[in-house]
*Asks:* 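Quick one: the structure is below, and I'll ask about it shortly.
Residue numbers begin at 1 in each chain, while the letters A, B, ... track the order of the sequences. The analysis underlying the following values was restricted to heavy atoms, covering all of them including side chains, and did not include hydrogens, waters or symmetry mates.
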There are 2 protein chains.
Amino acid sequence: MTDMTEVHSGTEHSAPPIRRVTIEDVARDANVSVSAVSKVIRDASGVSPQMKRKVSTSIDRLGYRPHAGARGMRGRSFTIGVVLVQMSAPFQVELATGIGTELEQGPYQDVIVAAGLSRERQRRSIEALVDRQVDGLILIGPALDHAELESIGARTPMVVIARHGGADHFDTVVDDDHQGAGLVVDHLVNLGHERIMHISHSSGGLQRPHVPSHIARRDGYEAAMKRYGLTPDVLVPGFTEEGGHQAALEALDRRYAPTAIFAGADIAALGVLRAAEDRGLRIPDDLSVAGYDNIFTSRLQRVSLTTVDQSGADTGAIAARLLLDRINGRTEAVHHVIVPRLIERGTTAQATAVRT
Amino acid sequence: MTDMTEVHSGTEHSAPPIRRVTIEDVARDANVSVSAVSKVIRDASGVSPQMKRKVSTSIDRLGYRPHAGARGMRGRSFTIGVVLVQMSAPFQVELATGIGTELEQGPYQDVIVAAGLSRERQRRSIEALVDRQVDGLILIGPALDHAELESIGARTPMVVIARHGGADHFDTVVDDDHQGAGLVVDHLVNLGHERIMHISHSSGGLQRPHVPSHIARRDGYEAAMKRYGLTPDVLVPGFTEEGGHQAALEALDRRYAPTAIFAGADIAALGVLRAAEDRGLRIPDDLSVAGYDNIFTSRLQRVSLTTVDQSGADTGAIAARLLLDRINGRTEAVHHVIVPRLIERGTTAQATAVRT
DNA sequence: ACAGTTGCGTAGAACGTTGCACAAACCTTT
DNA sequence: AAAGGTTTGTGCAACGTTCTACGCAACTGT
């Protein structure tokens, strides 16, 4: 009843084989050659104004749209692939939005794929995009190692967001996470805190200097602590609400609990806040909490999380511009650094009596 | 130094013309015809096991990957396009994640484009995807009118999420928003509330029954209010945090302010909470607040918003499955309805003294 | 009036696949 | 052993573009 090699022709609704309007249709309609139409579309040189007019009219009348797949076989596909790790990570979404807004003006269209945390899936997602013949790639916080990234960058124009250590074959846009973490520690120390815990995320075996943001944040935290003669104290449950929650519970139940917790990402800081409530601690009186990223939720008055801003939308826009440059021929690598900014809100305050 | 048709060979960094491995390379390597390789790839019938083995070996050795653009010209591109309106809308992201998870198992790859609220940009995004020869389309809460959607669905397999009223040429997956809104009103009335305000979003001129979720929610709210003999009271600032904030301030400053506010989306409810704080009202004692969508933020203990859940991930998965069916030949439209569930949390409580 | 230049338009060969139509080889049956 | 059937493998024409190479016409300046 289903395929039957068709013999008894279809189920009477005969899928109308609506042919797409092709460049040839336009050429016929305008009474010119296919090449001429192609020229007009790409607005290449050597086209008279009247030719341009004639062809444009036909294009409009017929509602012609160039077929990206066919295009990609010889020229450009005008598609930019954006790979993000987690769509649920608000900061990554801000970046992607920034990219889209910047690209919107030109002829390029960005498509996003959510790769997930596993290295294997990230690899697959990138390949999927390359198979689809994207003209360029923007990776947000990939977990792949440096050599692998260089090798991809060597064959496709690429910019990577949130990876430190520079690169030869691709551009990077990265927040100065080391400094940003320092800002938070400075802030907390100025408020009189000494037992400041940091919540981080597994390094995934990546080696310095080619590390992702969170490792740089951790390094920055440790450097700052040492600068003040304080002992670093790091837990690595990962950047999720639940991770932050678990880590905070564990720390708060210690004999000498921290008086301040600096989570390497806002999302984890939210879990810390929940843990504090679980333990009946008042924020910020009994415990100071800070995050990193300045995501939307942190700005809500109900949350009001002290954090570090790295202007996601701008970062995305810069990445997009760099990629376009690269597609248009630049080959020297450019590495852009974003300066972080501390946002003091309601979850941090003067350290009071030391609890025991 | 590279290709030499360039006369004065390139700028010394000689873009390495790394040719992609093609099906022809595989054929040569395996000593068989191109068609044979193609058969193996698509695993069409009429291939001996040894042929299969031979070709697979070559594919692996050479690291061959089929070129999606070229594929798209004759067969399928194995790409599903997902159009969402706002990446910053958490519920839409949940849906997209659900779609991705479902598709991951098969050969299809989903690509996402964020279209924005304007009808024009949504149209452009859809076109961009169709140009890129996607095999199917999933639209999340599009603002386009019914006729336009039918026309797109008639030429590309498509499923639309969050649109009521059914359709002929595409499938839909939609929450029973009418009922969901009723659940909220029931809940608030049971708590003794009578002045219950609803925050909605502009209809964009769409006509019943082909309306987006928020209109169905409003209808459901009004129907429920009338059922209880209460007067509906709707403000339409749009579904943003700031929209909810503005509307709530306006309502709370009235002579007879509402004792409960039901926002048509959690994101707007968050704004209502802020407005309540601005006016020094305690939640839920002085004002009850409810939302719709059960987004991540609402679940945070700090927020703890009473809301309606419609299981985004499942919805997305269902949509993906329907689309695959459709791509594989089904033509009768299927319309799936999700049953909503009230989630009672900390922002709603018994109505107390009537403020004036 | 002439060769030289410039500018506009076109033919046609790619690009990497798919899948139809067919040939070749191998089984069955009788 | 012949006829027929069934597999299995191949050649080749699409598919919708781009872009190089080239022809032609209309200008230049002498």
*Asks:* Is there a side-chain contact between Arg71(B) and the phosphate of dG16(C), meaning an N or O under 4.0 Å from OP1 or OP2?
*Replies:* no
*Asks:* Do the side-chain N or O atoms of Ser33(B) get closer than 4.0 angstrom to the phosphate oxygens (OP1, OP2) of dT10(D)?
*Replies:*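 Yes, Ser33(B) has a side-chain N/O under 4.0 Å of OP1/OP2 on dT10(D).
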*Asks:* Base, sugar-phosphate alone, or nothing: which one does Val47(B) contact when heavy atoms must sit under 4.0 Å apart?
*Replies:*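 If one applies the 4.0 Å heavy-atom cut-off, Val47(B) turns out to touch the sugar-phosphate alone, with no base involved.
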*Asks:* If you draw a 6.0 Å radius around CD in Glu24(B), do more than 12 non-hydrogen atoms from other residues or ligands fall strictly inside?
*Replies:*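 Atom CD in Glu24(B) is not packed in, count stays at 12 or less.
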*Asks:* Check whether the side chain of Arg74(A) and the base of dT17(D) form a donor-acceptor pair under 3.5 Å.
*Replies:*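 Side chain to base: no pair below 3.5 Å.
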*Asks:* Between Arg330(A) and Asp171(A), what is the shortest heavy-atom contact and its length?
*Replies:* NH2-OD2, 2.8 Å
*Asks:* Is the His146(B) ring parallel, tilted or perpendicular to the His210(B) ring (thresholds 30°, 60°)?
*Replies:*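 Rings of His146(B) and His210(B): parallel, as their planes differ by under 30°.
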*Asks:* One thing to verify: whether Arg76(B) and Asp135(B) come together as a salt bridge, which I'm taking to mean a side-chain N less than 4.0 angstrom from a carboxylate O.
*Replies:*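 No, this pair does not count.
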*Asks:* Just to confirm, is there a sub-4.0 Å distance from OP1 or OP2 of dT17(C) to any side-chain nitrogen or oxygen of Ser38(B)?
*Replies:* no
*Asks:* When the distance from CG of Asp135(B) to P of dT18(C) is rounded to whole Å, what number comes out?
*Replies:*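 It works out to 12 Å between those atoms.
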*Asks:* Between dG9(C) and Lys39(A), counting only base atoms on the nucleotide and side-chain atoms on the residue, is there a donor-acceptor pair under 3.5 Å?
*Replies:*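 Donor-acceptor pair under 3.5 Å: yes.
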*Asks:* Is the shortest side-chain N/O distance from Arg42(A) to OP1 or OP2 of dC19(D) below 4.0 Å?
*Replies:* yes
*Asks:* Taking the nucleotide of DNA chain C with the nearest heavy atom to each, does His67(B) or Gly46(A) sit closer to the 5' end?
*Replies:* Gly46(A)
*Asks:* Please compare Gly69(B) and Ser35(B) by the position of their nearest nucleotide in DNA chain C and report the one closer to 5'.
*Replies:* Gly69(B)
*Asks:* Side-chain donor or acceptor of Ser48(A) under 3.5 Å from a matching atom on the base of dG7(C)?
*Replies:* no
*Asks:* Can you tell which of dG16(D), dT17(C), dT10(C) lies closest to the side chain of Thr22(A)?
*Replies:*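 Nearest to the side-chain atoms of Thr22(A), counting from C-beta on, is dG16(D).
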*Asks:* Please report the distance, rounded to the nearest Å, between CG in Asn31(B) and P in dG9(D).
*Replies:* 13 Å
*Asks:* Would you kindly give the CZ-to-P distance between Arg65(B) and dT17(C), to the nearest whole Å?
*Replies:*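 So the two atoms are 11 Å apart, to the nearest Å.
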